[in-house]
Amino acid sequence: MGSASIGYQFGISARFYGNFNLSSDITVSSLPCKLDVSIKSLFSTPSSTHKEYSNRARVCSLPNTDGYCDEKFETPILDSIETPLQLKNLSVKELKLLADEIRTELHSVLWKKTQKSMNPSFAAIELTLALHYVFRAPVDNILWDAVEQTYAHKVLTRRWSAIPSRQNSGISGVTSRLESEYDSFGTGHGCNSISAGLGLAVARDMKGKRDRVVAVIDNVTITAGQAYEAMSNAGYLDSNMIVILNDSRHSLHPNMEEGSKASISALSSIMSKIQSSKVFRKFRELAKAMTKRIGKGMYEWAAKVDEYARGMVGPTGSTLFEELGLYYIGPVDGHNIEDLVCVLREVSSLDSMGPVLVHVITEGNRDAETVKNIMVKDRRTYSDCFVEALVMEAEKDRDIVVVHAGMEMDPSLLTFQERFPDRFFNVGMAEQHAVTFSAGLSSGGLKPFCIIPSAFLQRAYDQVVHDVDRQRKAVRFVITSAGLVGSDGPVQCGAFDIAFMSSLPNMIAMAPADEDELVNMVATAAYVTDRPVCFRFPRGSIVNMNYLVPTGLPIEIGRGRVLVEGQDVALLGYGAMVQNCLHAHSLLSKLGLNVTVADARFCKPLDIKLVRDLCQNHKFLITVEEGCVGGFGSHVAQFIALDGQLDGNIKWRPIVLPDGYIEEASPREQLALAGLTGHHIAASALSLLGRTREALLLMS
């Protein structure tokens, strides 16, 4: 027998000698959760039954799930499932076969579509089956924290046929109450499941109901501060709820893979069953009551002994959850359906148990080959050009450092990380910390580039205001995934950053129209040392696919530019929308109209000379931005109103994102829905000129 010692990102560790016992040939409904085991069963070899399932057809077993074949498999058990309640009629053998069928189905419709690793989704399949087997959704509330974990849940709740059409009115990529009654709460950017679950639990108690609340969070989203705030409050309120930490052993931090990880052995499996058993819990509560009667000193002494003993039995770090007020159970093998059902059934059967955390270990690592495959692209993106430009600046300036926050890191950033490992800080889902950490780096004389996706920057706005802008700290905010984001829909849509960043008194807010401007804005941000600066860029391909990144040249702060001289109508674009203005110019030229196209570059400080000239030399001014109301167009309106331009002949029209959330679709379709395409801009110009019929023909 060999030994296995595995690292885990929270410092939890264990060593296992022997093989896992995964044998099972009984129905789950008959499981008594027996605790008596022989020494032989602790170190038994895998059964032939398990080998039969693991070698079934050509479906790959964990963790090598990226090597699926293209062959189409039949899914007879999955086809027979109309509601999750039908899982209760299946045997363990059938549940394992169902898990394989779900893996095959998810791979066939998602891997081929996204070309991304499906390991996080595959890792949660057995857990999802166990949850729906033990609990009675939708009466019992099951909340999910990470989008990647929800696909098996959607398969079981009869939405799997729509998964291939996530776009074009297909199912959402996240859970949504509007989509299904089985979705108790919508998934957002992560770390909201415990807070929302606690709210549901308290509401249940106040209304005198008895439904169960289960919040599933993974080891990436649990790094966010809100999760710990929620667990602390749950411990204080002592409401009955179950938190499941789905530890897929995947982290945003590569160096954490080198640490120790929790391991699953037959002994830890037995201890988890003991911890979750009704007898053990009642004995523990009785002991607590007796020591309280003896006196406070005895109670505190007994509590310390209990904590120490449980720390000895459980993995290192498990007492953290106990300190927060959650009863810790685990680790549990997340791919052993029998163990999962046994533990969850015991936990669900206890009344007045308070909050419980069940630590589930699943296999969901992304290996180097997977990352390499993800990085293989047939197109160059704005992110690629940004990183290349930043590397060039960092080679010239040793004070430049990078702080990254968000759910996952763009693969292009690996270039900077590998080139300057000591100057790269990936803090994971800790956006508030990232902002204030960057402010501290700036105070220490460094030049931090704080890279956060637009939608995730919303979390840290208080820190942006008080720790950066109010103190005039020279933090350079790089706002990625700005604007519409295609298949990620409204969850990661960057609609609001123009408005909330440009409203800050000391902030410089700019946006590049193309890759040349992006490179120059990286140089501009590095040049600014007396106040904060931000610039945004979208997902997607750059304008010139054969672009070679040159040395960036700083842009004069607050200076825009005219790209095309025309008459009557001026199109003033901000950021990537400048390209759509140029497209509109091309369309109008074919109709005999020569309009002006200008690139604002800066939202704040606004180029007032440029705006004034456009107003005085044209009849109509159209501002175009891929952001919400209250952004760039509002700054232009404020100026031209106070400057008296609206008292003259100029007529102004803004084109912005609509006041609503645009669901998943292709980027092209989303732009059309938002009215931001070149055709929409050209049609707006024609309408202003009274050429309504031509505008309608252009849109048709």
Side-chain angles (χ1 to χ4, degrees), residues 482-483 497-514 516-517 520-521 524 528 531 533-536 554-585 588 593-657 675-676 678 680-682 684-685 687-689:
D497 62 271
I498 301 175
F500 68 67
M501 293 299 278
S502 64
S503 64
L504 299 175
N506 297 317
M507 184 69 67
I508 297 173
M510 53 187 178
D514 54 28
D516 280 320
E517 289 291 285
N520 290 336
M521 286 184 182
T524 304
V528 175
R531 49 184 160 164
V533 59
C534 70
F535 59 94
R536 71 188 319 246
I555 303 170
E556 181 182 350
I557 301 299
R559 182 63 63 203
R561 57 177 181 160
V562 174
L563 300 178
V564 181
E565 293 277 5
Q567 56 187 10
D568 292 334
V569 178
L571 305 177
L572 179 57
Y574 183 64
M577 287 299 99
V578 172
Q579 299 302 320
N580 290 23
C581 290
L582 290 171
H583 182 212
H585 172 273
L588 293 170
L593 288 176
N594 186 24
V595 300
T596 296
V597 178
D599 174 12
R601 281 178 169 164
F602 293 87
C603 179
K604 189 173 187 177
L606 188 68
D607 187 343
I608 59 176
K609 182 180 183 302
L610 172 64
V611 175
R612 185 181 287 126
D613 289 344
L614 293 176
C615 290
Q616 293 176 350
N617 296 307
H618 299 81
K619 296 179 181 179
F620 305 100
L621 173 65
I622 301 176
T623 57
V624 188
E625 63 188 300
E626 196 174 356
C628 68
V629 174
F632 170 69
S634 296
H635 283 266
V636 173
Q638 175 81 358
F639 168 70
I640 61 178
L642 295 178
D643 196 49
Q645 298 299 323
L646 291 178
D647 300 335
N649 295 323
I650 190 68
K651 294 182 179 179
W652 167 71
R653 296 292 185 272
I655 299 181
V656 300
L657 287 175
L676 286 172
H680 285 89
I681 298 169
S684 298
S687 297
L688 287 173
L689 293 169

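Just so it is clear, the values below take in all heavy atoms, side chains as well, and ignore hydrogens, waters and symmetry mates.
If you take CZ on Arg601 and CG on Asn520, they are separated by 7.5 Å, rounding to the nearest 0.5 Å. Atom CZ of residue Arg612 and atom CD1 of residue Ile650 lie 13.5 Å apart, to the nearest 0.5 angstrom. Summarising the geometry, atom CD1 belonging to Ile640 is positioned 6.0 Å from atom CG belonging to Leu621; distances are rounded to the nearest 0.5 Å.
Counting heavy atoms from C-beta on, the side chains of Arg559 and Lys609 come closer than 4.5 Å. Between Phe632 and Ser502 the shortest side-chain heavy-atom distance does not fall below 4.5 Å. Taking the side chain as every heavy atom from C-beta outward, Val569 and Leu588 never approach each other to under 4.5 Å. Residues Asn594 and His585 form a side-chain contact, since some pair of their non-hydrogen atoms from C-beta on lies under 4.5 Å apart. Looking only at side-chain heavy atoms (C-beta outward), Asp613 and Val562 stay at 4.5 Å or farther from each other. Taking 4.5 Å as the limit, some side-chain heavy atom of Leu571 sits within range of a side-chain heavy atom of Ile681. You'll find the side chain of Gln645 reaches within 4.5 Å of the side chain of Gln616, heavy atoms only. Residues Val533 and Ile557 fail the side-chain proximity criterion, which asks for heavy atoms closer than 4.5 Å.
At most 12 non-hydrogen atoms from other residues, nucleotides or ligands lie less than 6.0 angstrom from CG of Asn649.
Among all heavy-atom pairs drawn from Arg561 and Asp514, the shortest one is NH2-OD2, 4.0 Å.
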